Chemist: 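The structure's right below; bear with me while I get my questions together.
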Amino acid sequence: MSLMCYNKPRLMTNVYCVGRNLATASCYLPPVQLPAQTEAHFWYVLPNEVKCKNLLNRYFEILSPCEKDNVLRMRGEELKKSALLARTLVRTTLARYQTNCKIDPKSLKFRKNKYGKPEVNWQYADDWSLPPLHFNISHTSSLIACAVTVSSPIGIDVEEKQRRLKNDILAFARRYFSPHEVEMLAHIVDPELRRQEFIKLWTLKEAYVKALGRGFSASPFNTFTIRLRDHMKGGIHDPPHVISKEAEISVEPSGDLKNLSSNWHFVLLELLGSHYASICIEKDSTSADKGSLPVNLTIRRTIPFVEDECISGSDIVAVIGGMSKLLVC
């Protein structure tokens, strides 16, 4: 049975306005140059920084009827706010890549592939064309992120570093991870270090599945292995195996699964000292024979319609795994 979508009253939350002037134009999103090949733009918003009821209501108005319905069906104000910010971040981020405000964030249309991954359903005009943008979104209760590429499929995942698991980590890993990954975690004696490495692996695996666009049911975590190769030493780390900034990250699908691919770039970031973020981008076929190339990343913090800040060159973001170059905006 399909869900009927309809308009409902505007979202109201008990928050306070920040001391900033809000733009009143229907399209006030500074345009951004498109990412180049092997480049990704990573945008994030911190929910606790969005503290204006009028701004939240404005975000609500750019959503589709279905999105509004989904937001209002969430239980609790924090979940409503998180869902609202996630959809707003997607719409306002994608709209930035169209010059002269040709795209209003409210007018964007979306569709899902057969596995449920959202895609932009571009409405082409006669006198101009739109770039083949790919995007993916991930969120925790404290951070919401959206990443964009041109032509290359992308998947991302963000997790809080202090995330705790109710289950025993090794028992949980045996259920979902590959034997190699379980063995790697088992060799880490320190419980806290093991938990951190588990979270890093989880974000990398999640980003890969999301980049494939097939969903967990079509690409279970135990059907592929995340492998790390140390450039400096020229070999695989001996246990205890920890992800370091010298490690090239790759994926090795099981031999009997032809629907998976190993042709991907991985980057693992630490944000704000409190979050891990993994990015997985399909490699450019024209550079497949040139060895591993770094992924260029531009990272921005945003409050849509209010302010943007490039943080690529700051000390609040660091590459802790994979090959990447942070670009200053």
Side-chain angles (χ1 to χ4, degrees), residues 18-23 25 27-52 55 59 62 85-101 103 105 131 133-140 142-152 154-161 203 207 245 265-281 293-329:
V18 292
R20 301 183 179 96
N21 293 321
L22 302 184
C27 181
Y28 180 69
L29 292 166
V32 176
Q33 187 174 356
L34 291 168
Q37 292 290 340
T38 68
E39 181 181 357
H41 291 178
F42 185 98
W43 299 78
Y44 73 88
V45 60
L46 302 174
N48 65 0
E49 289 187 342
V50 185
K51 299 179 179 180
C52 181
L55 183 60
Y59 291 164
I62 70 172
L85 290 177
R87 296 313 307 164
T88 298
L89 182 61
V90 169
R91 287 182 171 274
T92 56
T93 296
L94 294 175
R96 295 172 186 272
Y97 295 94
Q98 314 310 319
T99 58
N100 301 321
C101 276
I103 293 292
L133 288 179
H134 293 259
F135 75 94
N136 197 230
I137 190 166
S138 180
H139 60 87
T140 68
S142 56
L143 187 145
I144 300 168
C146 178
V148 178
T149 58
V150 172
S151 301
S152 301
I154 184 170
I156 67 171
D157 188 50
V158 294
E159 296 288 347
E160 295 176 351
K161 289 177 62 176
T203 63
K245 63 183 179 181
H265 292 288
F266 289 89
V267 181
L268 181 64
L269 303 173
E270 183 180 286
L271 285 173
L272 310 170
S274 57
H275 292 76
Y276 292 129
S278 289
I279 302 170
C280 179
I281 308 172
L293 299 175
V295 176
N296 293 322
L297 284 178
T298 299
I299 303 175
R300 294 179 175 91
R301 180 191 66 85
T302 184
I303 300 177
F305 299 124
V306 177
E307 65 178 20
D308 304 325
E309 178 187 9
C310 180
I311 66 161
S312 300
S314 72
D315 58 2
I316 63 174
V317 57
V319 177
I320 59 173
M323 299 177 63
S324 179
K325 179 181 180 181
L326 298 179
L327 303 179
V328 178
C329 307

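For the single chain, residues carry numbers from 1 onward in sequence order. In this text the structure is predicted, and so the values were computed from the model without any measurement.
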Chemist: Please report the interatomic distance OG(Ser274) to CD(Glu159), rounded to the nearest 0.5 Å.
Modeler: 12.5 Å

Chemist: On a heavy-atom basis, which atom in Thr93 and which in Leu89 lie closest, and how many Å separate them?
Modeler: OG1-O, 2.6 Å

Chemist: Please check if atom NE2 in His134 has more than 12 non-hydrogen atoms from other residues, nucleotides or ligands closer than 6.0 Å.
Modeler: yes

Chemist: Spell out, as yes or no, whether a donor-acceptor pair under 3.5 Å connects the side chain of Ser314 to the backbone of Ile311.
Modeler: yes

Chemist: Who pairs with Ser324 by side-chain hydrogen bond (donor to acceptor under 3.5 Å, both in side chains), at least two apart in sequence or on another chain?
Modeler: none

Chemist: Return the set of residues passing side-chain hydrogen bond (donor to acceptor under 3.5 Å, both in side chains) with Thr203 (not counting sequence neighbours), or none when no residue passes.
Modeler: Ser278

Chemist: Could you check if a side-chain atom of Ile320 sits within less than 4.5 angstrom of a side-chain atom of Tyr276, using non-hydrogen atoms only?
Modeler: yes

Chemist: Within a strict 4.5 Å, meaning less than it, do heavy atoms of the Thr92 and Phe305 side chains meet?
Modeler: yes

Chemist: Closest heavy-atom contact between Ile281 and Ser152?
Modeler: CG2-CB, 3.7 Å

Chemist: Suppose we screen for side-chain hydrogen bond (donor to acceptor under 3.5 Å, both in side chains). Which residues come up paired with Gln37, at least two apart in sequence or across chains?
Modeler: none

Chemist: Sequence neighbours left out, what passes side chain to side chain contact (heavy atoms under 4.5 Å, CB included) with Ala145? Give chain and number order.
Modeler: Phe42, Tyr44, Leu143, Ile156, Val158

Chemist: For Leu327 versus Glu39, what's the shortest heavy-atom pair and its separation?
Modeler: CD1-OE2, 3.7 Å

Chemist: Taking the side chain as every heavy atom from C-beta outward, state whether His41 and Val32 have any pair of such atoms under 4.5 Å apart.
Modeler: yes

Chemist: Within this structure, what is the CD1-OG distance for the pair Ile299 and Ser312, rounded to the nearest 0.5 Å?
Modeler: 5.0 Å

Chemist: How long is the gap from CG on Leu46 to CD1 on Ile303, to the nearest 0.5 Å?
Modeler: 8.0 Å

Chemist: Applying side-chain hydrogen bond (donor to acceptor under 3.5 Å, both in side chains), can you list everything that pairs with Asp308, at least two apart in sequence or on another chain?
Modeler: Arg96, Thr302

Chemist: Under the side chain to side chain contact (heavy atoms under 4.5 Å, CB included) rule, what do Ile144 and Ile137 come out as? Steps first, then yes or no, please.
Modeler: CA-CA 8 Å; Ile144 300 168; Ile137 190 166; 4.3 Å; yes

Chemist: Rounded to the nearest 0.5 Å, what's the gap from CZ on Phe266 to SG on Cys280? Could you check?
Modeler: 4.0 Å

Chemist: Working to the nearest 0.5 Å, report the span between CG of Leu29 and CZ of Arg91.
Modeler: 12.5 Å

Chemist: Among Thr88, Ile62, Leu94, which residue satisfies the side chain to side chain contact (heavy atoms under 4.5 Å, CB included) criterion with Pro105?
Modeler: Ile62

Chemist: For Gln33, enumerate each residue passing the side chain to side chain contact (heavy atoms under 4.5 Å, CB included) test, keeping only those at least two apart in sequence or located in another chain.
Modeler: none

Chemist: Of all heavy-atom pairs between Ala86 and His139, which one has the smallest distance, and what is that distance?
Modeler: CB-CD2, 4.5 Å

Chemist: With a 4.5 Å cut-off on side-chain heavy atoms, are Thr149 and Leu133 touching?
Modeler: no

Chemist: Go through the steps for Thr140 and His275 under the test side chain to side chain contact (heavy atoms under 4.5 Å, CB included), then give the verdict.
Modeler: CA-CA 9 Å; Thr140 68; His275 292 76; 3.7 Å; yes

Chemist: Between Tyr59 and Pro304, is there a side-chain heavy-atom distance shorter than 4.5 Å?
Modeler: yes

Chemist: Can you measure from CD1 (Ile154) to CD1 (Ile279) and round to the nearest 0.5 angstrom?
Modeler: 6.0 Å

Chemist: Just wondering, do Val319 and Leu268 contact through their side chains at under 4.5 Å, heavy atoms?
Modeler: no

Chemist: Is there side-chain contact between Pro294 and His265, with heavy atoms separated by less than 4.5 Å?
Modeler: no

Chemist: Could you tell me if the side chain of Asn48 sits less than 4.5 Å from the side chain of Ser142, heavy atoms only?
Modeler: no

